[in-house]
> 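The structure under discussion is supplied below as structure tokens; questions concerning it will follow.
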Amino acid sequence: MGVFAQSGSSAAPLGRPPPTRTPSNEHDTLKYHLLGPSLTKAGQDSVDQQKVSEIIYNASKGSKFFNNEEVKDKSLTEKIHKILARKAELENLDLSTERRRADDYVAELELSRDLSQVVVHIDCDAFYAAVEELDRPELRDVPMAVGKGVLTTCNYHARKFGCRSGMAGFVAMKLCPQLICVPMNFTKYQAKAEEIRVVLAEYDPRFESASCDEAYLNLTRYCDEHHMTADEAVSQLRQEVRERTKLTVSAGIAANATLAKICSNINKPNGQFRLASDRPTVMDFMKALPTRKVNGIGRVFERELDAIGIKTCGDIYAHRAYLSRLFGQKAFQFLMQCYLGLGRTSIQPAEDYERKSVGTESTFREMGSPDALREKLRSVAEELEGDLKRTEFKGRTLCIKIKLHTYEVYTRQMTPPFAIQRADDLYKHSLPMLEKLMREIPNMKLRLMGLRVTHIVSTKKPGIDFFGQQRATGANKPATIKKKTTDGGEWEVWPEAEFEEAARQERNDEMNELEKLSQEQEKQPDQPDNSMAAAPNDGDKWTCPICTLPQASDDKTVNAHLDFCLSRQTIKEAVKSTTPSDHGTPKPQSTSTKSMPPKGKGKRGRPKTETPDSDQKTPG
DNA sequence: GCGGATCAC
DNA sequence: TATGGTGATCCGC
């Protein structure tokens, strides 16, 4: 409802964006933005958001963070003006073709609607805070938050003051001076999460961990075999979790993951909600549902949709003809599924998802000295080496990320001649990118630095454990659901999955061979690893950290040389031609036999995709 | 393929 | 006094 003064006052004359906006309008959108991303999640109705927003605004005003938010807000406002202009333009055209195309898509989606599954989303209530309260019961009755600097979560007492996860600590203290902040203890939470997972596995052995404190289950089969309603089963599950772990969870029950996720928030904390699995009920539910409640629609997309008159999922249909033009095809498909209340019905273990990158980053006190920055890069590289060894990956693409003291973010990436894992290599190849950024951005001062590798290659010993972890089949595939009685000890392997794995293995082997070769080649001509190269210039010479050759130190020469060295490709081309575009094979992708369910393959980010699959995360 | 942005937790 | 870290996706170029 009229969250944005902008949309209310947007009696925008056709074609042109509204004239200059008053400062108060701008501040309204900014204030709303500053409320943070988790606005809809918290169980904090009854909180005077107006007041909270005012306090946050005043606490933040003038800071570099605030200034950056202001810039981002302005640029989003501009973007929205363009969207409105584009929309006005489109409305003058004949959109009947687009409209029919949209209707065809709706019909296609409608055919794929599956209301046969009982999907449950389990969400721990204020998880970290609840675990801390177990150890320190005296915290149970006072406002308390977990995390220093930024709150990762807080208990419900704190939420009554407007505190939320993601909020800066000092802002939270302004809202609630008596707030008690306790430090994170991640291993403790992991252990507790595992206790919960043990219970969940009894209800669905193929449940999906969405994160530390969230999971999806398919209870179709459990309800069937135990002759229970979904409500009864979930009620019992929650009771069992509570007895065995002393933690409360909330649950949503619906026909698919998207709906279940929304439902788990409705009676939170310590409650459950079931959305009946019939089409009219689902359509009614979506009709009144604010867009922001949908997983995948965040602050920005919410504002963009609001601007063109879409506040609830029901509003989407009326705008179907130009959504694709305004936001892209993926967003169009995603939104149409929101309108229809569709979502994923297949639940699978998180391990079935394939990791695509490994990275690390850290924030520090503002820093500008090149030497200190290099040292920082070195430590980030070492950190990443640890992560890569732990997860058993090497990376073929290396990305550096920096955040300036102004909170502006830049990323750069390059492809080393072979997949890398060692800190020395990570450092050697990322340093030139950092050096180049330092030249591009005079007086560069950073508050964050990060490294990430993508196009990763598993370093797991071939043969071992490859298919060692087959799992009992669950009841989540519609096609196979009924036919099983008890599958004690029975393993089902999808033939195509087996094939894919074999193919992947083969390609991995090839990769490893190639990389071994290339590493050997590299070692020969290069000098005995002078990786601390990059020694700053002496006089007017500069040493390239890649090829270790001295260059004139003027910017032009250095940049040209760095460009050359960065784009130098040796083995890379050879590797590319022997491997399919993506080294890893997409996992089974479940949609097996069905003719062609309107599936894409998108994940998170901007939802944009159709059935927004849930994430993969590191399980326990 | 690269870089910027958005999103979730 | 000082606003996080990890991973994924999408878009425009």
Side-chain angles (χ1 to χ4, degrees), chain A residues 34 36-38 40-41 56 59-60 62-69 72 75-76 79 123-124 127-128 147-153 165-174 184 186 209-214 261 292 294-304 327-331 333-334 350 353-366 380 383-384 387 391 397 399-401 403 405 407-415 433 437 447-456 566-567 569 572 576 581 600-609 612-618:
Chain A
L34 287 170
S38 62
T40 62
K41 310 293 181 189
I56 297 178
S60 305
S63 69
K64 288 175 177 174
F65 174 81
F66 178 93
N67 291 339
N68 186 251
E69 292 298 304
K72 287 199 298 191
S75 100
L76 175 58
K79 184 177 166 198
D123 200 328
C124 299
F127 183 55
Y128 295 174
K148 301 252 188 234
V150 170
L151 312 190
T152 63
T153 191
S165 68
M167 180 176 279
F170 76 94
V171 173
M173 293 303 285
K174 279 230 159 61
M184 289 257 283
F186 202 68
S209 285
S211 69
C212 196
D213 68 334
E214 279 184 39
K261 165 87 176 150
R292 182 66 181 279
V294 179
N295 214 340
I297 299 180
R299 283 179 292 185
V300 172
F301 202 18
E302 178 192 34
R303 251 190 83 185
E304 292 172 358
F327 302 114
Q329 181 69 11
K330 286 280 174 27
Q333 295 182 343
F334 172 75
Y353 293 98
E354 202 175 2
R355 180 195 271 268
K356 296 193 171 57
S357 71
V358 182
T360 180
E361 64 186 54
S362 72
T363 296
F364 39 81
R365 281 216 325 273
E366 205 169 297
V380 174
E383 181 72 29
L384 182 54
D387 293 345
T391 55
T397 301
C399 318
I400 186 174
K401 167 176 167 179
K403 193 188 282 178
H405 65 117
Y407 287 86
E408 289 169 281
V409 173
Y410 293 89
T411 64
R412 293 291 183 269
Q413 59 176 328
M414 61 87 59
T415 306
M433 295 192 280
L437 283 162
R447 75 181 328 273
L448 172 146
M449 198 183 289
L451 285 177
R452 171 170 303 274
V453 294
T454 61
H455 297 114
I456 55 179
L566 284 172
S567 65
Q569 297 181 341
K572 185 179 159 198
K576 245 200 279 191
S581 60
K601 53 151 232 173
K603 291 246 177 181
R604 187 144 293 107
R606 246 209 173 178
K608 300 290 173 186
T609 97
D613 284 336
S614 188
D615 12 26
Q616 56 97 282
K617 289 266 157 80
T618 62

> Using heavy-atom distances to pick each residue's nearest nucleotide on DNA chain C, tell me which of A:Asp387 and A:Tyr407 is more 5'.
A:Tyr407
> If you compare every side-chain N and O of A:Lys79 against the phosphate oxygens of C:dC11 (OP1, OP2), does one of them come in below 4.0 Å?
no
> Tell me, do A:Met449 and A:Phe364 make a side-chain contact under 4.5 Å, heavy atoms counted?
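Heavy-atom side-chain distance check passes, below 4.5 Å.
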> Looking only at side-chain N and O atoms, does A:Ser357 come under 4.0 Å of OP1 or OP2 in C:dT9?
no
> Any side-chain N or O of A:Thr360 less than 4.0 Å from the OP1 or OP2 oxygen of C:dT6?
yes
> I need the CD-C1' distance between A:Glu302 and B:dA8, as an integer number of Å.
15 Å
> From C:dG7, C:dG5, B:dC7, pick the nucleotide closest to the side chain of A:Leu448?
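Nearest to the side-chain atoms of A:Leu448, counting from C-beta on, is C:dG5.
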> Tell me whether the OP1 or OP2 atom of C:dA2 has a side-chain N or O from A:Arg447 closer than 4.0 Å.
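No, outside the criterion.
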> Does any N or O donor sit under 3.5 Å from an N or O acceptor when you compare the side chain of A:Ser60 with the base of C:dT3?
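Answer yes: a donor N or O sits under 3.5 Å from an acceptor.
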> When the distance from CD1 of A:Ile456 to P of C:dA8 is rounded to whole Å, what number comes out?
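Distance, rounded to whole Å: 7 Å.
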> Using whole Å, report how far CZ of A:Arg303 lies from C1' of B:dT6.
14 Å
> Could you tell me if the side chain of A:Asp213 sits less than 4.5 Å from the side chain of A:Tyr128, heavy atoms only?
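They are not in contact (no side-chain heavy atoms under 4.5 Å apart), so the answer is no.
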> Just by modelled atom types, is the A:Ser165 backbone N or O under 3.5 Å from a matching donor or acceptor in the A:Ser38 side chain?
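Yes; judged by distance alone, with no hydrogens or angles, the pair exists.
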> So which heavy atom on A:Phe127 is nearest to which on A:Cys212, and how close?
CE2-SG, 3.8 Å
> Check this for me, if you would: do A:Glu302 and A:Arg299 make a salt bridge, where the nitrogen-to-carboxylate-oxygen distance has to be below 4.0 angstrom?
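A salt bridge is absent here (no side-chain N lies under 4.0 Å from a carboxylate O).
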> Under 4.0 Å: is that the gap between some side-chain N or O of A:Thr363 and OP1 or OP2 of C:dG5?
yes
> For the pair made of OH in A:Tyr128 and C1' in C:dG4, what is the distance, rounded to whole Å?
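Atom OH in A:Tyr128 sits about 12 Å away from atom C1' in C:dG4.
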> Counting only side-chain heavy atoms from C-beta out, which of C:dT3, B:dG3, B:dC9 sits nearest to A:Val150?
C:dT3
> Have a look at A:Gly298 and say if it touches a base, only the backbone sugar-phosphate, or nothing, with a 4.0 Å heavy-atom cut-off.
sugar-phosphate
> Under 4.0 Å between any heavy atoms, over every strand shown, what does A:Ser362 touch: base, sugar-phosphate, or nothing? Just pick one.
sugar-phosphate
> According to a strict under-4.0 Å criterion, is A:Lys356 in side-chain N/O contact with OP1 or OP2 of C:dT9?
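Affirmative; the distance criterion is met.
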> Tell me the interatomic distance from A:Leu76, atom CG, to C:dC11, atom P, rounded to whole angstroms.
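Answer to the nearest Å: 17 Å.
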> Where is the tightest heavy-atom contact between A:Ala59 and A:Phe170, given as atom of each residue plus distance?
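Closest heavy-atom pair between A:Ala59 and A:Phe170: O-CE1, 3.8 Å.
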> Tell me what A:Glu214 touches on the nucleic acid: a base, only sugar-phosphate, or nothing, going by heavy atoms under 4.0 Å.
sugar-phosphate
> Between A:Phe170 (CZ) and C:dT1 (C1'), how many Å, whole number?
8 Å
> By nearest nucleotide on DNA chain B, pick out whichever of A:Lys72 and A:Asp213 is the more 5' one.
A:Lys72
> Counting side-chain heavy atoms from CB outward, which of B:dG4, C:dG7, C:dG4 is closest to A:Arg412?
B:dG4
> Taking only the side-chain nitrogens and oxygens of A:Arg355, find out if one of them lies under 4.0 Å from OP1 or OP2 of C:dT6.
no
> Measuring to OP1 and OP2 of B:dT6, would you say a side-chain N or O of A:Arg299 lies under 4.0 angstrom away?
no
> With a cut-off of less than 4.0 Å, is there a side-chain N or O of A:Asn295 near OP1 or OP2 of B:dC9?
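For B:dC9, OP1 or OP2 has a side-chain N or O of A:Asn295 closer than 4.0 Å.
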> So which nucleotide from C:dT3, C:dT6, B:dT6 ends up closest to the side chain of A:Glu361?
C:dT6
> Can you tell which of B:dC9, B:dG3, B:dT6 lies closest to the side chain of A:Lys261?
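The closest nucleotide is B:dC9.
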> Could you check which of C:dG4, C:dT3, B:dC7 has an atom nearest any side-chain atom of A:Phe301?
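Selected nucleotide: B:dC7.
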> Could you give the CZ-to-P distance, from A:Phe65 to C:dG4, as a whole number of Å?
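So the CZ-P distance, A:Phe65 to C:dG4, works out to 7 Å.
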> Quick one: are A:Lys401 and A:Arg452 in side-chain contact, heavy atoms under 4.5 Å?
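No, their side chains stay 4.5 Å or more apart.
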> Could you tell me the separation between the CG atom of A:Leu451 and the C1' atom of C:dG5, rounded to a whole number of Å?
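After rounding, the reported distance stands at 14 Å.
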> What's A:Phe66 touching, base or sugar-phosphate or nothing? Going by heavy atoms closer than 4.0 Å.
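If one applies the 4.0 Å heavy-atom cut-off, A:Phe66 turns out to touch nothing in the nucleic acid.
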> Tell me whether the OP1 or OP2 atom of B:dG4 has a side-chain N or O from A:Tyr410 closer than 4.0 Å.
no
